[in-house]
Every structure is written in structure tokens, then in C-alpha cells.
2 protein chains.
Amino acid sequence: MPRRNGMGAAWWQGKFKGCGYRITLSREAIIDVLTKANKHLSAEDIYMRVHPKYPNIGLTTIYRTLDILVNIGIIFKFDFGDGRARYELVENTKGLNYHLHLICVNCNRIIDYTDYIDDVIELIDQIEKGLSLKYNFKITNHTIQFYGFCKECAGKE
Amino acid sequence: MPRRNGMGAAWWQGKFKGCGYRITLSREAIIDVLTKANKHLSAEDIYMRVHPKYPNIGLTTIYRTLDILVNIGIIFKFDFGDGRARYELVENTKGLNYHLHLICVNCNRIIDYTDYIDDVIELIDQIEKGLSLKYNFKITNHTIQFYGFCKECAGKE
DNA sequence: TCCTTCATGAAAATGATTTCCATTATTAAT
DNA sequence: ATTAATAATGGAAATCATTTTCATGAAGGA
Ligand SMILES: [Mn+2]
Ligand SMILES: [Mn+2]
Ligand SMILES: [Zn+2]
Ligand SMILES: [Zn+2]
């Protein structure tokens, strides 16, 4: 179900318009897919889900829209090291990219670590504080990913 | 100082031969560059340093040799998110990729965090232990990088 | 030496993402 | 509503790091 606010406008449209972008069918379709999708979609994943219903929306538009969405903070862009970027609604990540990913190197399953994340956030903050002080480096962002074997794939090394 | 063992053979040649690879001029030149280099060289960086002395060594050979070196554990391969891989001697990293990188998004300087790393390693281990237990996921590897502004670039945001 | 295997370089292929460019849709001004 | 200015679009072509292909040149063993 598309989330709508009291005004009948979809939740994201305010921010979108506020940044000077127009609301078009293509963009609605793309955000709709992201909203409904489980997670971690690549540009082509999105293209393939949009295409049956809107065969005239091109990959280029997908990329352009994703760029905008990243820039205005509606989605995050992740690089899991397989050569294609993945995108995920900020909403799903609870607005933090302190949200960690476990990536199975065997089946490529991606597990979100979101529960009890507070302890982890605290540890990361601790690390960042240490690094900042020691190197006089102002950290604005980070990349933290863990690779290995998921429950189903353990023992298949 | 070039590391050599008692036998006069370069430090890496044993491992290299032991894995069934031949020792060639190209490979010596490439490892030599990596040994002398400050750090974090891309394939093309290496190519450009090798080329003046050995103009007949091609980029393809650089890539192939780097692949081998990664596989036998002589170098690490890093992805700093700028679209090209970087390589660094395992020796320089003290044999651990618990070695962290601070990447300046303004000047692209890469700072190694190697001092007092024990505390950080302990924190990361702690995180990994928690993740492993909770998700029954066997972690074999990770990617941890911090982005921001270095001392020289602070205030240029 | 003869032979099998490995190594190499040049050129072509790859594949995700970008750029170009001509066309269309949307908004703003009249 | 017409018109003018601006933004959005899709398809084709360009990018660019890395891989593959393929024909040729070493190196080592019997
Ligand atoms: Mn996620
Ligand atoms: Mn390093
Ligand atoms: Zn798995
Ligand atoms: Zn800097």
C-alpha cells in the first residue's frame, strides 16, 4: 500500500517537489517499486520490475531518478562489491546507514542487521571518535560490510 | 630496504614458487614496485611505474599478476569506491586487513590507521561475534572504511 | 632436443554507468 | 489558450576499468 499523508500526496512528494523536481509517472513508478520491494535492488532489478507495466521507461531514466533520490536523501546507495550498485529506501533503514549488511559469498543473500543495533552504533562511534582525534580527520560517512557464509551455506566452503 | 631471506632469494619467491607459479621478469618488476611504493596503488599506477624501465610489460600482465598475488595472499585488494581497485602489500598491513582506511573525499588522500589498532580490532571482533551469533552467519571477511575530510581539507566543505 | 605447460601482449569483448542529442512533457508567462 | 522557457525522457553512443581471446614466445622436464 502506497504510504500517503493526510493530504493524499504520497509521503515522498513533498521533499521531491521542495527540491525543484517534477513528479512524473516514471518517477512514481520507480519509487513505488522501491517502496514495495523487499530491498537492495539494482538499477536493472528496478528496470525489470517497472518494465512490464511501463515498457516505455528506459534504463537511463532509472539511473537518473536513482541519482536524484540519493541526493535528496530518499534512498541509500550501497556497493556490495559485485560490480553493481544497490539501492534501498532510507525509510527501511530507519534513516541511518549505521544499518549493517552481512553478505553471503556463496548465495549472495544479503542480511540486514537492524536489531539491537544500538550497541553496534556505540562501538562504531567509539572507533570514529578515536580515529578523528588521532588523525584530526572529520568523518562524515563510512562503509561497513561483513562477508561470509549464511546459515544455509555454512559448510559449503 | 628490500627484504631478502638468508638464501639471497627475494622474500616472496618461496611462496610464489610453492604455488606453482614461475618467477619472471615481469612479475619481479611488479612486486618490486609494490614493495617500494608508498601504498595503495591501482593497476594503472603500477603500470606507469613499471613502464619506463620495462616498456614491453602490458597492462594485462599487471592485472594477471595482481590477481595471483591477491590469491596467494601477498597483497590485499581494496575498493575505495572510486571505480578502480587499489593494491597494497600484506606485509605493510601487518598481515591483517583489520587495518583501516580514512579516505578524504576532498583530496582523495588515504590515511592508514595502524597505530593502537588493537582496541579497534577488539571492537570489530566484538561486533562480528555478536553478528555471528545472532544470525548464525560465519564471517570470513569485512570491508570497513571511513570517509570524510582530512586535516588539510577540513573546512572546505 | 622435443614436448608440454605456463606466460605474455595486443586487440577485442564486457558490462555497469554516463553522456549526447533530438523529442516530448510540464510549467510559467503572456 | 498560446507561447515561451525549462525540465524530463529514451535510445544510441561513449566511457572506462577489467576480462577474455588468441596467437606467440619462454621455461622446465624427460
Ligand atoms: Mn539494507
Ligand atoms: Mn592501507
Ligand atoms: Zn548463503
Ligand atoms: Zn584531504
Side-chain angles (χ1 to χ4, degrees), chain A residues 9 12-13 15-33 40-72 74-87 108, chain B residues 9 12-13 15-33 40-72 74-87 108:
Chain A
W12 52 271
Q13 300 198 351
K15 195 169 205 177
F16 209 80
K17 267 188 168 159
C19 293
Y21 295 108
R22 294 176 184 171
I23 293 174
T24 67
L25 189 65
S26 307
R27 290 169 174 176
E28 284 190 289
I30 293 167
I31 297 178
D32 198 47
V33 163
H40 311 127
L41 300 180
S42 68
E44 206 185 347
D45 289 338
I46 295 168
Y47 177 78
M48 291 191 304
R49 297 187 189 210
V50 160
H51 196 253
K53 201 168 176 183
Y54 305 96
N56 45 333
I57 295 180
L59 235 196
T60 309
T61 296
I62 309 273
Y63 275 109
R64 274 188 294 231
T65 302
L66 289 171
D67 250 7
I68 293 172
L69 295 175
V70 168
N71 286 333
I72 68 182
I74 284 182
I75 61 178
F76 282 129
K77 179 179 186 178
F78 293 106
D79 171 12
F80 295 145
D82 65 345
R84 59 183 56 194
R86 310 290 172 131
Y87 302 86
N108 298 315
Chain B
W12 52 272
Q13 301 198 348
K15 195 169 203 177
F16 209 80
K17 268 188 167 161
C19 294
Y21 296 108
R22 293 179 185 167
I23 294 176
T24 67
L25 189 67
S26 306
R27 290 168 174 176
E28 285 190 290
I30 292 168
I31 296 179
D32 197 47
V33 163
H40 311 129
L41 300 181
S42 68
E44 206 185 347
D45 288 338
I46 295 168
Y47 177 78
M48 292 192 303
R49 297 190 189 207
V50 160
H51 197 253
K53 201 167 174 184
Y54 305 96
N56 45 334
I57 295 179
L59 234 197
T60 310
T61 296
I62 309 271
Y63 277 109
R64 275 189 293 231
T65 302
L66 289 171
D67 251 5
I68 294 172
L69 294 174
V70 168
N71 286 333
I72 66 182
I74 284 181
I75 62 177
F76 282 128
K77 179 180 185 176
F78 293 106
D79 171 12
F80 295 144
D82 66 345
R84 59 184 56 195
R86 310 290 173 132
Y87 302 86
N108 298 314

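All values below come from the heavy atoms of this structure, side chains included, with hydrogens, waters and symmetry mates left out. Bear in mind the structure is a predicted one, so any value in this text is a computation, not a measurement.
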Completion exercise
Rounded to the nearest 0.5 angstrom, the CD1-CZ distance for A:Ile74 and A:Phe16 is 6.5 Å
Handout entry: Spacing of B:Phe78 atom CZ relative to D:dT18 atom C1', expressed in whole Å
Key = 19 Å
Exercise for the section: Please state whether the phosphate of D:dT18, meaning OP1 or OP2, lies under 4.0 angstrom from any side-chain nitrogen or oxygen of B:Arg64. Expected result: no
Fill in the blank from the handout: When rounded to whole Å, the CD1 to P distance for the pair B:Ile46 and D:dT18 reads 10 Å
Practice task
Calculate the interatomic distance between B:Ile68 atom CD1 and C:dA7 atom P; express it in whole Å.
Solution key: 6 Å
Exercise for the section: Can you figure out which of C:dG9, D:dA8, D:dA27 approaches the side chain of B:Arg22 most closely? Expected result: D:dA27
Practice task
Give a yes or no on whether the ring-centroid distance for A:His40 and A:Phe80 is below 6.0 angstrom.
Solution key: yes
Fill in the blank from the handout: The reported gap from CD1 in B:Ile75 to CZ in B:Arg86 (rounded to nearest 0.5 angstrom) is 13.5 Å
Problem - d(CZ, B:Phe80; P, D:dA17) in whole Å - result: 17 Å
Exercise for the section: Write down the distance between CD1 (A:Ile62) and P (D:dG11), rounded to a whole number of angstrom. Expected result: 12 Å
Practice task
Apply the test side-chain contact (heavy atoms from CB on, under 4.5 Å) to residues A:Glu28 and A:Ile31: give CA-CA distance (whole Å), side-chain angles for both, the deciding distance (0.1 Å), then the verdict.
Solution key: CA-CA 5 Å; A:Glu28 284 190 289; A:Ile31 297 178; over 6 Å; no
Check the interface with nucleotides 15-18 of chain C: list each N/O to N/O pair with the protein under 3.5 Å, or write none.
{"from": "C:dA16", "atom 1": "OP1", "to": "A:Arg84", "atom 2": "NH2", "distance (Å)": "2.3"}
{"from": "C:dA16", "atom 1": "O3'", "to": "A:Gly83", "atom 2": "O", "distance (Å)": "3.4"}
{"from": "C:dT17", "atom 1": "OP1", "to": "A:Ala85", "atom 2": "N", "distance (Å)": "2.8"}
{"from": "C:dT17", "atom 1": "OP2", "to": "A:Tyr63", "atom 2": "OH", "distance (Å)": "2.4"}
{"from": "C:dT17", "atom 1": "O5'", "to": "A:Tyr63", "atom 2": "OH", "distance (Å)": "3.3"}

Problem - Interatomic distance, A:Arg27 CZ vs D:dG10 C1' [rounded to whole Å] - result: 14 Å
Handout entry: Gap separating the OG1 atom of B:Thr61 from the OH atom of B:Tyr47, nearest 0.5 angstrom
Key = 10.0 Å
Exercise for the section: Rounded to the nearest angstrom, tell me the gap between atom CG in A:Asn56 and atom C1' in D:dG11. Expected result: 13 Å
Completion exercise
Atom OH of A:Tyr47 and atom C1' of D:dT9 are separated, to the nearest Å, by 13 Å
Exercise for the section: First locate atom CD1 of B:Ile57, then atom NE2 of B:His51, and finally report the distance between them rounded to the nearest 0.5 Å. Expected result: 9.0 Å
